[in-house]
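Since this is a predicted model, take the numbers as computed values, not measurements.
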Amino acid sequence: GDVGMEDFFSRLASFSSSTSTSTSPSSAQLRSLQKLCLMNNLIEDAGLASLASAAARGALPAVQELWLQVNRIGSPGCAALAGACCKMII
């Protein structure tokens with residue numbers, strides 16, 4: 001459920017915002033990831049809010065497509081994602 005997603009996205013945000021000069025393929029791939037498919041993962045509002053928070057803090061800076069079909073996301077999760085998108089644009 002969302003507990004695992006919240007932990008994952010929290011770690012993702014920490015990793016992306018670290019000042020590490022790591023050149024491992026995983027960090028380079030993460031920073032250049034353009035499509036993130038999270039379909040059918042039982043993500044709920046809290047999980048999407050965690051993803052939104054991580055994105056607003058600079059995680060996944062190159063993502064252009066986010067696939068979230070077949071999850072359990074309602075209006076609060078969508079609002080969190082929309083708010084994060086606005087912060088990233090401004």
Side-chain angles (χ1 to χ4, degrees):
D2 277 351
V3 174
M5 284 293 174
E6 290 175 47
D7 183 53
F8 173 75
F9 294 131
S10 175
R11 290 173 189 258
L12 177 65
S14 297
F15 176 77
S16 295
S17 63
S18 77
T19 57
S20 170
T21 58
S22 171
T23 57
S24 68
S26 60
S27 70
Q29 290 171 348
L30 182 61
R31 287 185 183 91
S32 64
L33 183 69
Q34 294 181 349
K35 185 187 299 184
L36 179 59
C37 180
L38 296 172
M39 298 180 338
N40 201 22
N41 278 289
L42 303 176
I43 298 171
E44 297 179 357
D45 293 326
L48 187 56
S50 295
L51 171 61
S53 177
R57 291 190 311 246
L60 307 170
V63 168
Q64 297 176 7
E65 295 181 39
L66 177 60
W67 295 16
L68 295 167
Q69 299 93 316
V70 194
N71 282 293
R72 298 176 180 173
I73 301 165
S75 296
C78 292
L81 184 59
C85 289
C86 288
K87 288 179 184 175
M88 293 173 359
I89 294 171
I90 297 174

Handout entry: Expected output: side-chain Asn71 to main-chain Leu42 donor-acceptor under 3.5 Å
Key = yes
Handout entry: Gap between atom CG of Leu81 and atom OG of Ser53 - 0.5 Å precision
Key = 11.5 Å
Handout entry: Arg31 to Pro61 - nearest heavy-atom pair and separation
Key = O-CG, 3.6 Å
Practice task
State the OG-CG distance between Ser50 and Asp7, to the nearest 0.5 angstrom.
Solution key: 9.5 Å
Practice task
Taking all heavy atoms of Ala56 and all of Ala84, pick out the closest pair and write down the distance.
Solution key: CB-CB, 4.1 Å
Problem - Residue pair Arg72 / Ile43, side-chain heavy-atom distance below 4.5 Å - result: no
Exercise for the section: Could you tell me which non-hydrogen atom of Ser75 sits nearest to which non-hydrogen atom of Asp45, and how far apart they are? Expected result: N-OD1, 4.5 Å
Problem - Residue pair Leu60 / Leu51, side-chain heavy-atom distance below 4.5 Å - result: yes
Handout entry: Straight-line distance of Gln34 CD to Ser32 OG, nearest 0.5 Å
Key = 7.0 Å
Handout entry: Minimum side-chain heavy-atom gap Leu48-Leu38 below 4.5 Å
Key = no
Exercise for the section: Answer yes if the side chains of Glu65 and Trp67 hold a donor-acceptor pair under 3.5 Å, and no otherwise. Expected result: yes
Completion exercise
Between the CG atom in Leu68 and the CG atom in Asn40, the distance rounded to the nearest 0.5 Å is 12.0 Å
